[in-house]
Number of protein chains: 2
Amino acid sequence: MKVTINDIAKAANVAKSTVSKVLNDAPSISEATKAKVRAVMREMNYEPSSLATRLAKQKGYNVGLVIDLSRKSDFLNASFYDIIGGVESVIGPLDYELTIGNIEHVGRERFVSRFVLGRKVDGLIMDNSILTPELARELNELNFPYISIGEIPGVAPLCWVDINNRRGAAMLASHLFTRGYRNPAFIGGERGDPMFEARVAGFRDALAAVESARDRANKPGFKPRERAAAAGALREEEIKAAARQKEKAAEAGPFMASGTVLPGYANEANGRRLVRELLALPSVPDAIICMSNLVAFGALEELREQGVSIPDEMGVATFDNRPLAPFTTPPLTCLDMDTFALGAAAGEMLMAQINGLETAPSGRRRWVEPELVVRRSTEKKAT
Amino acid sequence: MKVTINDIAKAANVAKSTVSKVLNDAPSISEATKAKVRAVMREMNYEPSSLATRLAKQKGYNVGLVIDLSRKSDFLNASFYDIIGGVESVIGPLDYELTIGNIEHVGRERFVSRFVLGRKVDGLIMDNSILTPELARELNELNFPYISIGEIPGVAPLCWVDINNRRGAAMLASHLFTRGYRNPAFIGGERGDPMFEARVAGFRDALAAVESARDRANKPGFKPRERAAAAGALREEEIKAAARQKEKAAEAGPFMASGTVLPGYANEANGRRLVRELLALPSVPDAIICMSNLVAFGALEELREQGVSIPDEMGVATFDNRPLAPFTTPPLTCLDMDTFALGAAAGEMLMAQINGLETAPSGRRRWVEPELVVRRSTEKKAT
DNA sequence: TTGAAAGCGATACCAA
DNA sequence: TTGGTATCGCTTTCAA
């Protein structure tokens, strides 16, 4: 039925070890026999058994992508295809396979044994909701290669890739300032969630940069660049924005960003609720940064119902381009995340680990930079 | 470093064949030795090598899900996570793994050899854009188990699972009639695409049922049920709808459904364009069924710009609930597809094939029934 | 440059 | 109820 290395050896009148060498293109085999053997292989439609190869080579050529199918993360859900695509794009050409593991059925405890000790895979990729600090420690002890999608602060020798959420939030806030908004708020997300914390931190970075610009506005020897750079990881455009904001502040009176942050599970209902809270504040913000598309959608709805005009009275910006940002009324200014690149980065780091390319400490984490997509929801008329 | 069956045998003072039997819980082994061996295994943290097991058993315990990452199907993209979840939910508990294969890197020709002859997997799941008739024939010849997601008309002994698109379209159209719309059109989709053809067929089923109801309206012995059932695969509610429509027709004058179908690649721009075409028709439809969310979104935009009120002057319904239907203005009536169930069905059929459960011809295809979700876009005021 | 034989880590059949 | 041994299909020394 199925043709094996022995069949080829017999048919080609050589030893099976010779066939094996031809398979691996060993330099010790003459071109003549190589050609002969290859001809036979082609003729008999031979394909080596990957199982046998992997057993003999003691290498799985397989990486595991572990997911928790019981938990429906909006983000993962929408970008899963892209992440897989990214991972595949780097491991595929290296002849590695991708197997999907569902932690739901395996169980958190038996998980390590099954995948790692059972040598099903040579490396693991998982998101930070699965990769608990304990699991990380266990894998570290076993010296087993793995990558986390999403940062995990605290666990020491850990490799991760993540969207640069902190910079992203700063970009969003800075964009709002550039557009003339003066008091942005941040809504949605849960305390303790690393992604939320990173974004809030970025939000504060931008506020600090702008405030610092204002404070120094009239002092001699003011250097907005250095100031802003010191306040957080800001880019040149953002620093320029801060400088411009400085001038605006002079014209438009005191700068009042209160930096309101209202957490809440990121769904539509909370988007609405948090906007109501915002509108009841003593100093009502004039712009909102939303944790997710759903929050933003809820916010948009509520603002419409309350008769608040977007973008003139209130600017709205959000994280993620998908699935809704281009399709709301008005379309939402947002941060587009390159999730394919995220997957590819994870794949690359994992391959580097597996193949023992010792990663310098700096190479142990990789940020994928988000991209600002400007749409009508923040197109404030020039004031 | 890693502990194997030999280590266990030595440590437990038994033959390795005995250990193997314990591993497989063979009845011939005494409880005493089982307990002893198991204790040793636990102590030594032993986990059998899946590679070795699979080689020895000559079974891969692995199914391949083949995708074409270069092609971005909106549908697959959005539901990929769910489909995977569905597949996993049935194969996981059976100790099968899921490996993702990207046909982009493998190449269409070398694909069969790699996956099938290379015995990487025991079965294949792929969508109908990958599973060409030639490939199907090849797999049939090899007697290799595979399932197509999405029907492929024509290829004889082929297993597939699919959303019941024909019934879905009929449900949508029938819903429109029930709501008092009288001349629905269908826009978007490409001729030759099985999904498009199936939906158009369902659309016509519903038209035929209603027309038949009208034709017989005043004749004695009219039996709407039998009539409608004969016209297409319609459900009871739909038949009732047809009957009600009959009465409406009597009050409201002649029934005029022209059954306009306007194909076009399913994107936003075509949604707009096709709506313009619709509005220029001699007999302008009063309702639209859209091939996809993007088409529907374009349609909504265009209608708004043209000042056509939804749902009063024009009803709009669409396929798919995701990603936009709940979030448009007005929210879209749609057909929600249970893609998790689709994946699960594919997994079940594949497992049945792999395990040689001879599937009766009737079991060779499985429809997943869509669900109608009614929203404001078709809430015509009672006339 | 080629071949023979010993693994890789399990399973499975046949004796004991 | 257990143990010995061939086997799965390929790789990898080590001799020839």
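What's counted below: heavy atoms across the whole structure, side chains too, no hydrogens, waters or symmetry copies.
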B/Ile29 CD1 to D/dT2 P: how many Å, rounded? 5 Å
Atom NZ of A/Lys10 and atom C1' of D/dC10: how far apart are they, to the nearest Å? 15 Å
Please report the distance, rounded to the nearest Å, between CG in B/Asp25 and C1' in D/dT1. 15 Å
Hits for side-chain hydrogen bond (donor to acceptor under 3.5 Å, both in side chains) against A/Ser30, two or more places apart or cross-chain, chain-then-number order -> A/Thr33
Which whole-number value in Å describes the distance from B/Lys120 NZ to D/dC8 P? 22 Å
Identify, with sequence neighbours excluded, every residue that meets side chain to side chain contact (heavy atoms under 4.5 Å, CB included) alongside A/Thr99. A/Asn62, A/Phe115, B/Glu97, B/Thr99
Sequence neighbours excluded - salt bridge (Lys or Arg N to Asp or Glu O under 4.0 Å) pairs with any residue from residues 142-151 of chain B: none
What side-chain donor-acceptor pairs closer than 3.5 Å can you find for residues 38-45 of chain A, not counting sequence neighbours?
residue, atom, partner, partner atom, Å
A/Arg38, NH2, A/Asp25, OD1, 3.0

Backbone N/O of B/Ala341 and side chain of B/Asp338: donor-acceptor pair under 3.5 Å: yes
Looking across every strand, which nucleic acid part, if any, lies under 4.0 Å from A/Thr4 by heavy atom: base, sugar-phosphate, or nothing? sugar-phosphate
So, using salt bridge (charged side-chain N to carboxylate O under 4.0 Å, His left out) as the criterion, who are the partners of B/Lys16 when residues are at least two apart? none
Residues forming a salt bridge (charged side-chain N to carboxylate O under 4.0 Å, His left out) with A/Lys21, sequence neighbours excluded: none
Listing, residues 344-351 of chain A side-chain donor-acceptor contacts under 3.5 Å, not counting sequence neighbours, or none:
residue, atom, partner, partner atom, Å
A/Glu348, OE1, A/Arg366, NH2, 2.6

Sequence-distant partners of B/Ser49, side chain to side chain contact (heavy atoms under 4.5 Å, CB included), two or more places apart: A/Arg119, B/Leu51, B/Ala52
Any side-chain N or O of B/Gln58 less than 4.0 Å from the OP1 or OP2 oxygen of D/dG9? yes
Please report, rounded to the nearest Å, how far the C1' atom of D/dG9 is from the CZ atom of B/Arg54. 14 Å
Please tabulate, one pair per line, each protein N/O and nucleotide N/O from nucleotides 11-15 of chain D that are separated by under 3.5 Å, including the distance.
residue, atom, partner, partner atom, Å
D/dT11, OP1, A/Asn24, ND2, 3.2
D/dT11, OP2, A/Ser20, OG, 2.6

For DNA chain C, which residues in residues 30-44 of chain B have a heavy atom at a distance below 4.0 Å? none
Residue met sooner reading DNA chain D from 5', once B/Asn13 and B/Leu55 are mapped to nucleotides: B/Asn13
Interatomic distance, A/Asp122 atom CG to A/Phe144 atom CZ [nearest 0.5 angstrom]: 6.5 Å
Who pairs with B/Asn164 by side chain to side chain contact (heavy atoms under 4.5 Å, CB included), at least two apart in sequence or on another chain? B/Arg166, B/Arg167, B/Trp367, B/Glu369, B/Pro370
Bounded by its outermost nucleotides with an atom under 4.0 Å from a heavy atom of chain A, the footprint on DNA chain C reads C/dT1 to C/dG9
